[in-house]
Every structure is written in structure tokens, then in C-alpha cells.
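Just so you know, these numbers come straight off a predicted model, no measurement behind them. As a basis for the values below, the full set of heavy atoms in this structure was taken, side chains included, without hydrogen atoms, waters or symmetry mates.
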Amino acid sequence: MEIAVKGRHISVTEALERYAFEKVERVSKFFDDERSVSRAEVELIHERNPSIPQPEVAEATLFINGSVLKAREASEDMYASIDRMSDKLERQVKRYRGRQIDRWHGQIKNSHDEAPPEAEPFVVDEEEVEARIVRTKQFQMKPMSAEEAVLQMELLDHDFFVFTSADTGDINVVYRRRDGDYGLIEPAKQPPIS
């Protein structure tokens, strides 16, 4: 597995780079190098804001066979952050491998035939109106089912995931609800204009 370690607001010493490399390399034991194309990017970040109680952040992004897994952890010590991040990444890889094996056997966990729950209303506070966009991301959206989108959301450890529906071709969003279940937001069908 190809692993790149870089730092932001921190000089990455040889010992720190080697430690992060070894911790992330542990996940390679879950993959067959001959059939799996994988690489990992590790970013070690020192948050400069003195009000942040855990300024040492370790973040890893693993690219494996078209899927992306992310793990991010923070603490007061960079080595502890790397340990936590690698443990989290390993849990995600195990979950990913387990779901891949289930899928190979024709079983997709957590699939339901019932209709998704209604989306919660979108509420904007007055303070949020003055917020500004500080970062823009672009990514390829391959068509997938809602169940596949939930899997990707879990692997990335995000609260929502935007995807193109394989059934309709529309842009949809899956999200994690407070009760632990998932929600699906899809565009409403417009009635024909007469």
C-alpha cells in the first residue's frame, strides 16, 4: 500500500512520519495486494487556535477499489491522535470488508423494502444567514442505490452523503437521524403543468 504522510502547521519529524506510516500500514493486512489497488494519505495537523482543547489532529484517507474511508481523531498529543485515528481506521476497514463479503454472497445488510421516513424540515437560524462558504468540494457521483450511499456515508464517517440515484438519475441525499436511523431526501416529482 502506498502511504503519504504530510503535515499542516507542524513539522513532521522522521520519527513521527515513521510512527504514522506504521500505524496506517496495519490495515493493509485486510487486503489482497494483487487484487486491491490502495493508497492512503495521512495528514498531521496542529490547530493554532489556543481555545481548541485538543489541538493535535491526525487524519487518514484510505482509497481502496473506488471506495474512500476516512478517520480523524484529535487529542493533546500527536502520538495519541495517531493511535486513535489508526484504531478508528482499522474498525472502518473491518466493517468495509465485512460488508463487501456479505455483498459477494448476495446479501446486503440493512436493506429495507419499506419507504424511507419523511425528511425533517430544514430550519435556518438568523445567525446562520450571515455565514459564508469557505470551502468548496467537487467529486464524481457514480449512480448507486440508497443502501450503497449509506455504506459510503458510514465508511467516510459523515452525517450525510450526496449521490446520484441508480433508479431515477436524480440527486439524492442520505443522512443519519438523531434516533440512529437514516433518512433519504429525494426531489419531489413536479405535477404536469396544464
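The shortest side-chain heavy-atom distance between Met85 and Val24 falls under the 4.5 Å cut-off. Between Val162 and Met141 there is a side-chain heavy-atom pair separated by less than 4.5 Å. Residues Leu16 and Tyr79 are in side-chain contact: their nearest non-hydrogen atoms beyond the backbone lie under 4.5 Å apart. Residues Glu41 and Phe63 meet the side-chain proximity criterion, which asks for heavy atoms closer than 4.5 Å. Annotation: side chain of Tyr182 is not in contact with side chain of Val174 (no heavy-atom distance under 4.5 Å). Between Met78 and Ile10, the closest side-chain pair of non-hydrogen atoms falls below 4.5 Å. Between Val68 and Leu155, the closest side-chain pair of non-hydrogen atoms is not below 4.5 Å. Side-chain contact between Ile64 and Leu69 is present, with at least one heavy-atom pair separated by less than 4.5 Å.
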Please report the C-alpha distance between Ile185 and Tyr175 in whole Å, then the side-chain angles of each, then the deciding distance to 0.1 Å, and finally whether the side-chain contact (heavy atoms from CB on, under 4.5 Å) criterion is met.
-> CA-CA 8 Å; Ile185 301 173; Tyr175 63 97; 3.7 Å; yes

Lys70/Leu62 under side-chain contact (heavy atoms from CB on, under 4.5 Å): CA gap, chis, key distance, verdict = CA-CA 6 Å; Lys70 274 191 143 182; Leu62 179 64; over 6 Å; no

Please test Glu14 against Tyr19 for side chain to side chain donor-acceptor pair (under 3.5 Å), starting from the C-alpha separation and ending with a verdict.
-> CA-CA 9 Å; Glu14 188 176 315; Tyr19 190 77; over 6 Å; no

Would you check, one step at a time, whether the test side-chain contact (heavy atoms from CB on, under 4.5 Å) holds for Asp83 with Lys23?
-> CA-CA 7 Å; Asp83 286 341; Lys23 287 291 189 171; 3.0 Å; yes

Give the intermediate values and the outcome of side-chain contact (heavy atoms from CB on, under 4.5 Å) for residues Glu43 and Val5.
-> CA-CA 6 Å; Glu43 188 169 18; Val5 180; over 6 Å; no

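Nearest heavy atoms, Phe163 versus Ala149: CD2-CB, 3.4 Å. Contact record, Ser67 with Gln152: OG-NE2, 3.3 Å, taken as the closest heavy-atom pair. Pairing each heavy atom of Arg84 with each of Ala74, the nearest pair is NH1-O, 3.0 Å.
Interatomic distance, Glu59 CD to Ile82 CD1, rounded to the nearest 0.5 Å: 13.0 Å. Note: His9 NE2 to Arg48 CZ = 4.5 Å, rounded to the nearest 0.5 Å. Here the CD-CG distance, from Glu73 to Leu89, works out to 11.0 Å after rounding to the nearest 0.5 Å. Rounding to the nearest 0.5 Å places NZ of Lys6 at 13.0 Å from CD of Glu17.
Hydrophobic clustering of Ile, Leu, Val, Met, Phe, Trp and Tyr side chains at less than 4.5 Å, counting indirect connections, unites Ile3 with Val27.
At least one donor-acceptor pair closer than 3.5 Å links the side chain of Glu148 to the backbone N or O of Ser145. Distance alone, capped at 3.5 Å, is enough to place a donor-acceptor pair between the Arg176 side chain and the His158 backbone. A donor-acceptor contact shorter than 3.5 Å links the side chain of Ser81 to the backbone of Ser75. No side-chain donor-acceptor contact under 3.5 Å links Glu186 to the backbone of Ile171. The backbone N or O of Glu25 lies less than 3.5 Å from a partner atom in the side chain of Ser28, making a donor-acceptor pair. Proximity of a side-chain donor or acceptor of Arg72 to a complementary backbone N or O of Val57 within less than 3.5 Å is not detected.
Other members of a hydrophobic cluster containing Ile52 are absent, since no ILVMFWY side chain comes under 4.5 Å of it, directly or through relayed contacts.
Every residue two or more places apart in sequence or in another chain that forms a salt bridge (charged side-chain N to carboxylate O under 4.0 Å, His left out) with Asp157 is listed here: Lys88.
A salt bridge links Asp170 to Lys189: one of the charged nitrogens lies within less than 4.0 Å of a carboxylate oxygen. Remark: Arg26 does not engage Glu22 in a salt bridge, criterion side-chain N to carboxylate O under 4.0 Å.
Between the side chains of Glu56 and His46, at least one donor N or O sits under 3.5 Å from an acceptor N or O.
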